[in-house]
Amino acid sequence: MTKKAGNLLASIADPDNLRLAFWKARKGKSYSTEVETYRKNVEANLFQLRSELLSGAIHVGQYRYFKIYDPKERQICASAFGEQVLHHALMNCCHDTFERWQIWDSYASRKDKGTYAAIEKAKSFTRRYTWFLKLDVRKFFESIAHDVLKHQLRSLFKDASVLGVFDLIIDSYEAHPKRGVPIGNLTSQYFANHYLCSLDHFIKEQLRIKAYVRYMDDMILWENDKEILQEAYLHIKAFVETQLRCELKLPQLNYTSRGLPFLGYKLLPYSVKLTQRSKQRFIKKMRYLDEAYQSGLWSETLCQRRVLPLLAFVKHADSQGFIRNTVKHQRERTA
C-alpha cells in the first residue's frame with residue numbers, strides 16, 4: 001500500500017511556492033483586469049494567502065459561471081483569481097501524491113500524457129484487437145459524490161490541515177446536493193481524475209484487461225473476444241454504481257474495423273479520421289478567427305496563437321484534403 005502523504009502544509013504555504021503558484025495561475029491571463037489588480041499588490045496578496053493557509057481560515061467559493069458550447073453545452077465555474085493561486089499552490093505540492101496512484105494508462109491532466117498520447121496508445125490497440133468497448137460516466141463532474149471523494153482523499157493524505165482545505169473546496173460547490181465538482185478548477189481536474197483511479201486498478205488488476213486507456217471519464221477496453229468485454233462491462237457497471245455511486249452511459253461495443261470515436265477522432269486500424277462534429281467545430285472556429293482579424297478585434301499575432309492548436313488537432317488525423325478545402329472556402333468567402 002502506498003504511504004499517505006503528510007506534513008505538506010509548510011511546503012504549500014512557503015513563499016517561494018506561492019510565487020510559483022501565482023506565476024502558473026496568471027499564465028495566459030496577463031490581459032485580465034483581475035489578474036493585473038492582484039499583481040500590483042502581489043506580495044501582500046501572497047502574504048495574506050500564506051496567513052490564511054497557516055491559520056486554516058481559507059476563503060473559497062467565489063465563482064463566476066458561464067457556458068461554453070465546445071462541442072456540447074457545459075457550465076464552466078471559474079473561481080476568483082486568488083483562489084486559482086491557492087489551487088496551484090496546493091497542486092504544486094500534492095501533484096506527486098496524486099500521481100503515485102495513477103496507472104500508466106490514464107492520460108488526462110498528467111505531465112507527458114494528454115490527448116495526443118492517449119490517441120497514439122488507442123491507435124496501437126485498435127490495430128491489434130478486433131473489438132472495443134467504450135464507456136463514459138453520465139454527467140461525470142456533476143455526479144461526483146462529495147463523501148466518496150473525501151474518503152478517497154483521506155486514503156492519500158494524512159495531513160489534517162490539507163484535508164481541511166480540500167474539504168472547503170469540495171463543499172464550496174454543488175451541482176446536486178452533496179455532489180459535483182466545478183468544471184474549470186485545477187483542483188477539480190485532480191479530484192475527478194483520481195475519482196476513477198480505483199476503477200482503473202479494478203479493470204487492470206481484477207478484470208485483467210491488458211488493453212485499456214482512460215482519458216478522464218472516457219474509458220476504452222480492447223479484446224479479441226467479444227464475450228470478455230461483455231462480461232467486463234457488467235463488472236464495471238456494478239463497480240461504478242456501488243463503489244463510486246455514479247452511472248454509466250449506454251456502452252459502445254463494436255468491431256475496431258468500424259471505427260472507434262475517441263476525443264474528437266474516429267480511429268480505424270490503419271487510419272485516423274476527424275469526426276463530423278470535429279470538422280464542424282474547426283470550420284466554425286476558423287471563421288470566427290478570420291472575422292476577428294478582419295474586423296480588427298484581434299491582432300495577427302493573437303490570431304496566429306489561437307490557430308496553431310486548431311491546426312495541430314486536425315493534423316493528427318488524415319485530414320490534408322479537409323484542411324485544403326476549408327482554407328479554399330475561407331479565401332473564397334473573404335475575396
Side-chain angles (χ1 to χ4, degrees), residues 1-5 90-137 140-141 144 148-149 151-153 155-157 181 186-225 228-229 231-233 235-240 243-244 246 248 251-253 256 260-270 272 312-313 316-317:
M1 180 178 289
T2 305
K3 185 178 179 181
K4 292 183 183 182
L90 288 165
M91 293 310 157
N92 285 347
C93 299
C94 297
H95 169 86
D96 289 347
T97 302
F98 282 102
E99 185 67 19
R100 282 198 295 270
W101 285 75
Q102 293 285 334
I103 65 167
W104 179 261
D105 306 289
S106 174
Y107 285 85
S109 304
R110 298 178 66 196
K111 186 178 179 181
D112 299 325
K113 296 283 186 175
T115 301
Y116 300 131
I119 290 295
E120 289 302 313
K121 192 64 175 180
K123 281 166 58 178
S124 70
F125 287 144
T126 299
R127 285 193 292 267
R128 290 164 51 192
Y129 291 91
T130 307
W131 291 89
F132 73 84
L133 172 66
K134 185 172 186 292
L135 305 170
D136 61 321
V137 178
F140 177 48
F141 276 72
I144 290 174
V148 174
L149 176 58
H151 177 75
Q152 291 178 340
L153 293 175
S155 297
L156 288 180
F157 301 95
V181 294
L186 176 65
T187 48
S188 294
Q189 295 175 31
Y190 278 86
F191 293 163
N193 210 20
H194 183 71
Y195 199 78
L196 296 181
C197 266
S198 59
L199 178 61
D200 291 337
H201 287 281
F202 176 73
I203 290 171
K204 295 292 291 184
E205 296 160 16
Q206 301 298 317
L207 300 184
R208 304 285 185 179
I209 299 296
K210 294 181 180 179
Y212 172 67
V213 166
R214 177 169 71 84
Y215 190 94
M216 201 53 77
D217 67 312
D218 283 340
M219 298 164 279
I220 310 170
L221 297 74
W222 288 263
E223 266 292 350
N224 288 319
D225 187 336
I228 293 176
L229 293 179
E231 183 177 356
Y233 167 68
H235 291 295
I236 293 168
K237 182 174 183 291
F239 188 99
V240 169
Q243 302 296 314
L244 304 177
C246 292
L248 292 176
Q252 297 181 50
L253 177 63
T256 53
L260 161 62
F262 185 47
L263 301 179
Y265 301 95
K266 184 176 182 180
L267 309 184
L268 293 147
Y270 293 99
V272 178
F313 179 82
H316 270 79

Run the numbers on Leu135 and Leu221 for side-chain contact (heavy atoms from CB on, under 4.5 Å), then give the verdict.
CA-CA 8 Å; Leu135 305 170; Leu221 297 74; 4.3 Å; yes
Determine, stepwise, if the pair Phe262 / Val213 fulfils side-chain contact (heavy atoms from CB on, under 4.5 Å).
CA-CA 11 Å; Phe262 185 47; Val213 166; 4.0 Å; yes
Might you work through the side-chain contact (heavy atoms from CB on, under 4.5 Å) test for Val137 and Leu248, ending with a clear yes or no?
CA-CA 4 Å; Val137 178; Leu248 292 176; 4.1 Å; yes
Phe191 vs Ile144, side-chain contact (heavy atoms from CB on, under 4.5 Å): CA-CA, chis, key distance, verdict
CA-CA 9 Å; Phe191 293 163; Ile144 290 174; 5.8 Å; no
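At a threshold of 4.5 Å between non-hydrogen side-chain atoms, the residues Ile103 and Ile203 do not count as touching. Using a 4.5 Å heavy-atom threshold, the side chains of Ser198 and Leu244 count as touching. Under the 4.5 Å side-chain criterion, counting only non-hydrogen atoms from C-beta, His316 is not in contact with Leu263. At least one side-chain heavy atom of Tyr190 sits under 4.5 Å from a side-chain heavy atom of His95. A 4.5 Å side-chain heavy-atom check between Leu199 and Arg214 finds every atom pair outside the cut-off.
A donor-acceptor pair under 3.5 Å is formed between the side chain of Asn193 and the backbone N or O of Ala108. Between the Thr256 side chain and the Tyr129 main chain, a donor and an acceptor come within less than 3.5 Å of each other. Between the side chain of Glu223 and the backbone N or O of Trp131, no donor-acceptor pair lies under 3.5 Å. The backbone N or O of Trp104 lies less than 3.5 Å from a partner atom in the side chain of Lys113, making a donor-acceptor pair. Looking only at distances, a side-chain donor or acceptor of His201 sits under 3.5 Å from a matching main-chain atom of Trp101. Lys134 places no side-chain N or O within 3.5 Å of a backbone atom of Leu253 that could act as its donor or acceptor partner.
Between the CE atom of Met219 and the CG atom of Asp105 there is a distance of 13.5 Å, given to the nearest 0.5 Å. From Ile228, atom CD1 reaches atom CG of Leu207 across 11.0 Å, with rounding to the nearest 0.5 Å. Summarising the geometry, atom CD belonging to Glu120 is positioned 8.5 Å from atom OG belonging to Ser124; distances are rounded to the nearest 0.5 Å. Interatomic distance, Asp136 CG to Ile220 CD1, rounded to the nearest 0.5 Å: 10.0 Å. Here Thr187 contributes atom OG1 and Leu90 contributes atom CG; the two are 7.5 Å apart, rounded to the nearest 0.5 Å. Interatomic distance, CG of Leu186 versus CG of Asn92, reported as 8.5 Å (0.5 Å rounding).
Ring-plane geometry between Phe313 and Tyr116 is classed as tilted, the angle between the planes lying from 30 to 60 degrees on a 0 to 90 degree scale.
Annotation: cation-pi pair Lys210/Trp222 absent, no NZ/CZ under 6.0 Å from the ring centroid and within 45° of its normal.
Pairing each heavy atom of Val148 with each of Gln243, the nearest pair is CG1-O, 4.0 Å. Closest heavy-atom contact between Met216 and Leu196: O-CD1, 3.5 Å. When all heavy atoms of Leu229 and Phe132 are compared, the closest pair comes out as CD1-C, 3.8 Å. Shortest non-hydrogen contact noted between Thr130 and Asn224 is N-OD1, 2.9 Å. Across all their heavy atoms, Pro269 and Thr126 have their closest contact at N-CG2, 3.8 Å.
The closest side-chain donor-acceptor pair between Tyr195 and Asp217, if any, does not fall under 3.5 angstrom. Side-chain contact check for Tyr215 and Thr115: at least one donor-acceptor pair (N or O, by modelled atom type) lies under 3.5 Å.
No more than 12 heavy atoms of other residues, nucleotides or ligands sit less than 6.0 Å from atom NZ of Lys266. Within 6.0 Å of CD on Gln252 lie more than 12 heavy atoms contributed by other residues, nucleotides or ligands.
Proximity of the aromatic rings of Phe98 and Phe157 is defined here by a centroid distance below 6.0 angstrom, and this criterion is met.
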